[in-house]
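Notes follow once the structure below has been shown.
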Amino acid sequence: MIVQDRLIQEFMELVRVDSETGNERQIADVLKAKFSALGLTAIEDDSRERTGHGAGNLFVTWAADSGAAAPKLLFTCHMDTVVPGQNIKPTLGEDGWITSDGTTILGSDDKAGLAALFEAIRVIQEQKIPHGQIQFVITAGEESGLLGARAMDPKHLDADMGFALDSNGEVGAIAVAAPTQARVTMQIFGKSAHAGVNPEDGISAIQVASKAISAMKLGRIDKETTANIGKFAGGGPTNVVCDHVQLDAEARSIVQEKVELQIASMREALETTVREYGAECEFRSEILYPAFSFNEHDPVVQLADRAITSLGLATRLFHSGGGSDANVFNGLKVPTVNLAIGYEHIHTTKERIKAEDIAKAAELVVAIVKESVKA
Ligand SMILES: [Zn+2]
């Protein structure tokens with residue numbers, strides 16, 4: 001059913017299209033043309049006005065064929081890559097692994113997912129496999145902090161459950177949970193004075209910030225929660241009492257309430273210290289994307305599990321340490337898990353994927369569609 005040569009050829013073609021994050025114009029146009037050649041229309045949303053990236057997100061809605069009662073499915077991949085991703089020269093080795101020439105990434109993250117989707121569409125069309133409504137959402141700017149998905153216009157979304165094809169691991173593995181991430185910015189305002197003449201008239205923002213940081217619980221908070229200060233910025237000449245420091249920090253947790261508690265405790269440590277010293281502060285936090293967590297009883301996991309099992313593969317549920325577009329879709333009320341597609345060493349010039357794993361990913365998409373109609 002899957003034509004592996006055709007699939008791999010298309011994968012090679014896709015990775016040769018430069019699409020470093022921010023510069024998605026060319027790949028977006030290539031993808032639109034490919035959907036259109038399959039008789040499907042891709043709508044581009046207006047998110048590029050908000051992201052400043054080369055393209056918006058693409059939405060393709062494939063209507064149900066007659067009579068198939070099934071949940072509305074969504075499949076998602078991203079169109080951008082990390083750097084160095086220009087002039088990629090992919091090769092398929094004797095051992096079945098596809099690699100770059102070692103000077104760039106390969107781009108299987110996430111073009112293996114895209115190639116698998118296109119092959120699945122062809123197979124469903126050729127074999128006239130009954131299907132419900134299927135949406136494909138191809139995001140821009142995933143690699144620059146999920147910018148495309150976060151700026152998505154949700155009015156285009158219409159799905160009961162979603163599957164991202166964008167995880168490492170053997171095909172059959174499902175990322176069923178991923179943390180939320182909050183960005184925290186703290187400003188500490190002290191008071192400047194001459195460090196030698198009248199230091200008692202000043203309030204050192206550096207001292208206040210240091211004291212506040214030492215009162216914060218950071219690093220590994222518990223099994224599900226982490227926090228980190230990534231940047232401490234401020235100061236100038238040694239003869240001036242420093243009056244301003246900025247701290248850039250983050251907090252993550254699989255459990256939404258825990259990240260909120262962590263942020264509150266960081267705020268409390270800062271504000272208490274600032275009061276002690278008579279300084280001032282500004283504390284800002286922003287949830288970049290929400291957490292999600294499913295178990296084996298959730299319909300989205302059950303459908304993926306049935307499809308994986310139907311292919312004779314082993315299902316493995318795992319928790320991801322980082323956020324992905326799946327977090328954003330979950331935040332927009334489309335229960336979405338992230339499926340492993342077999343790529344390895346992504347974001348490095350050693351990135352690689354087995355040709356047969358791209359084929360398995362395509363088979364998995366077809367199997368999910370088949371199982372959804374049976375449900
Ligand atoms: Zn990816």
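None of the values given here were measured: they were computed from a predicted structure.
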Open item on the list: Distance alone, cut at 3.5 Å: any donor-acceptor contact between the side chains of Asn57 and Asp45?
Closed with: yes
Open item on the list: How long is the straight-line distance from CD1 of Ile98 back to CD1 of Ile8, given to the nearest 0.5 Å?
Closed with: 4.0 Å
TODO: Look up atom CE in Met186 and atom OG in Ser285, then write down how far apart they are to the nearest 0.5 Å.
DONE: 10.0 Å
Open item on the list: Run Ile368 and Leu303 through side-chain contact (heavy atoms from CB on, under 4.5 Å) and show every step you take.
Closed with: CA-CA 7 Å; Ile368 288 172; Leu303 177 53; 4.0 Å; yes
Open item on the list: Counting neighbours of CD on Glu170 that are heavy atoms of other residues, nucleotides or ligands and sit closer than 6.0 Å, is the number greater than 12?
Closed with: no
Task: Expected output: side-chain Asn327 to main-chain Pro179 donor-acceptor under 3.5 Å - done: yes
TODO: Measure across Ala112 and Ile341 and return the closest heavy-atom pair with its distance rounded to 0.1 Å.
DONE: CB-CD1, 3.9 Å
Task: More than 12 heavy atoms from other groups under 6.0 Å of CZ on Arg183 - done: no
TODO: Could you tell me which non-hydrogen atom of Ala115 sits nearest to which non-hydrogen atom of Leu14, and how far apart they are?
DONE: N-CD1, 3.9 Å
TODO: Answer with yes or no whether the side chains of Glu268 and Thr272 bring together a donor and an acceptor at under 3.5 Å.
DONE: yes
- [ ] Identify whether Val3 and Leu92 are in the same connected component of the hydrophobic contact network (ILVMFWY, side-chain heavy atoms under 4.5 Å).
- [x] no
Open item on the list: Test your reading of the model: is there a side-chain donor-acceptor pair from Thr225 to the backbone of Asp222, 3.5 Å cut-off?
Closed with: no
Task: Between Thr76 and Asp325: side-chain donor-acceptor atoms closer than 3.5 Å - done: no
Task: Value rounded to 0.5 Å, distance of CZ in Phe75 from CD1 in Ile121 - done: 9.5 Å
Open item on the list: Would you say Tyr343 and Asp110 are linked by a side-chain donor-acceptor pair, where the criterion is simply a distance under 3.5 Å?
Closed with: no
Open item on the list: Any donor-acceptor pair under 3.5 Å linking the side-chain atoms of Ser253 with those of Glu224?
Closed with: no
- [ ] Using atom types as modelled and distance alone, determine if a side-chain donor or acceptor of Thr91 lies under 3.5 Å from a backbone N or O of Gly93.
- [x] no
- [ ] Working to the nearest 0.5 Å, report the span between CD1 of Ile221 and NZ of Lys258.
- [x] 10.5 Å
TODO: Identify the heavy atoms of Asn338 and Ser324 that sit nearest to each other, and give their distance.
DONE: ND2-OG, 3.5 Å
- [ ] Could you check if a side-chain atom of Val208 sits within less than 4.5 angstrom of a side-chain atom of Phe189, using non-hydrogen atoms only?
- [x] no
Task: Residue of the set Val123, Ile134, Leu364 for which side chain to side chain contact (heavy atoms under 4.5 Å, CB included) holds with Val369 - done: Ile134
Open item on the list: Any heavy-atom pair between the side chains of Gln207 and Val241 that's under 4.5 Å?
Closed with: no
TODO: Could you tell me whether the side chain of Gln181 and the main chain of Gly323 form a donor-acceptor pair under 3.5 Å?
DONE: no
Task: Step-by-step salt bridge (charged side-chain N to carboxylate O under 4.0 Å, His left out) determination, Glu363 to Lys360 - done: CA-CA 5 Å; Glu363 278 174 20; Lys360 275 188 204 162; over 6 Å; no
Task: Gap between atom CD1 of Ile358 and atom CD of Glu119 - 0.5 Å precision - done: 11.0 Å
TODO: Please check if the side chain of Gln262 supplies one atom and the backbone of Thr226 the other of a donor-acceptor pair under 3.5 Å.
DONE: no
- [ ] Please report the shortest heavy-atom distance between His78 and Ile138, naming the atom on each side.
- [x] C-CG2, 4.4 Å
Open item on the list: Assess whether a salt bridge exists between Arg284 and Glu286, defined as any Lys/Arg side-chain N lying under 4.0 Å from an Asp/Glu carboxylate O.
Closed with: no
Task: Ile174/Thr315 under side-chain contact (heavy atoms from CB on, under 4.5 Å): CA gap, chis, key distance, verdict - done: CA-CA 7 Å; Ile174 313 172; Thr315 301; 3.9 Å; yes
TODO: May I ask you to test the Lys223-His319 pair for a side-chain heavy-atom distance under 4.5 Å?
DONE: no
- [ ] State, yes or no, whether a side-chain contact exists between Lys370 and Ser310 at a heavy-atom distance under 4.5 Å.
- [x] no
TODO: Indicate, with yes or no, if Ile254 and Leu261 share a hydrophobic cluster defined by side-chain heavy-atom contacts under 4.5 Å among Ile, Leu, Val, Met, Phe, Trp and Tyr.
DONE: no
- [ ] Would you check, one step at a time, whether the test side-chain contact (heavy atoms from CB on, under 4.5 Å) holds for Leu218 with Met266?
- [x] CA-CA 9 Å; Leu218 296 167; Met266 290 166 83; 4.0 Å; yes
Open item on the list: Does either side chain, that of Ser100 or that of Glu351, offer a donor lying less than 3.5 Å from an acceptor on the other one?
Closed with: no
- [ ] For Gln256 and Ala291, indicate whether the former's side chain and the latter's backbone hold a donor-acceptor pair under 3.5 Å.
- [x] yes
Open item on the list: Checking one residue: Leu288. Which other hydrophobic residues are in its cluster under the side-chain 4.5 Å linking rule?
Closed with: Phe59, Leu74, Val137, Leu146, Met152, Leu157, Tyr289, Val328, Phe329, Leu332, Val334
Task: Intermediate values then yes/no, salt bridge (charged side-chain N to carboxylate O under 4.0 Å, His left out), Glu371 and Lys374 - done: CA-CA 5 Å; Glu371 291 296 326; Lys374 277 191 212 162; 3.1 Å; yes
- [ ] Applying side chain to side chain contact (heavy atoms under 4.5 Å, CB included) between Leu270 and each of Arg275, Met216, Gln187, Glu282, report the one that passes.
- [x] Met216
Open item on the list: Can you confirm whether Glu13 is buried at CD, in the sense that more than 12 heavy atoms of other residues, nucleotides or ligands lie under 6.0 Å from that atom?
Closed with: yes
- [ ] Go through the steps to decide whether Met161 and Leu73 satisfy the test side-chain contact (heavy atoms from CB on, under 4.5 Å), and finish with yes or no.
- [x] CA-CA 5 Å; Met161 58 180 81; Leu73 304 183; 3.9 Å; yes
TODO: Check whether any side-chain heavy atom of Glu143 lies under 4.5 Å from a side-chain heavy atom of Asp109, and answer yes or no.
DONE: yes
Open item on the list: What I'd like to find out is whether the side chain of Trp62 reaches to under 4.5 Å of the side chain of Ile124, using heavy atoms alone.
Closed with: yes
- [ ] With sequence neighbours excluded, tell me which residues meet side chain to side chain donor-acceptor pair (under 3.5 Å) with Asp160.
- [x] none
- [ ] Give a yes or no on whether a salt bridge exists between Glu280 and Lys191, defined as a side-chain N under 4.0 angstrom from a carboxylate O.
- [x] no
Open item on the list: Any heavy-atom pair between the side chains of Asn295 and Val301 that's under 4.5 Å?
Closed with: no
Task: ILVMFWY cluster membership beyond Leu147 - transitive side-chain contacts under 4.5 angstrom - done: none
Open item on the list: Any heavy-atom pair between the side chains of Leu106 and Trp97 that's under 4.5 Å?
Closed with: no
Open item on the list: Could you walk me through whether Glu250 and Arg252 satisfy the salt bridge (charged side-chain N to carboxylate O under 4.0 Å, His left out) test, starting with their C-alpha distance in whole Å, then the side-chain angles of each, then the deciding distance to 0.1 Å, before giving a yes or no?
Closed with: CA-CA 7 Å; Glu250 64 155 59; Arg252 301 180 195 230; 2.8 Å; yes
- [ ] Grab the two heavy atoms, one from Ala362 and one from Ala120, that are nearest each other, plus how far apart they are.
- [x] O-CB, 3.9 Å
Open item on the list: Looking at Ala55, is its backbone amide N or carbonyl O close enough to the side chain of His53 to form a donor-acceptor pair, meaning the two atoms are under 3.5 Å apart?
Closed with: no
Task: Leu7 side, atom CG; Met12 side, atom CE - distance, nearest 0.5 Å - done: 10.5 Å
Task: Over all atoms of both residues, closest heavy-atom pair of Pro335 and Asn330 - done: CA-OD1, 3.3 Å
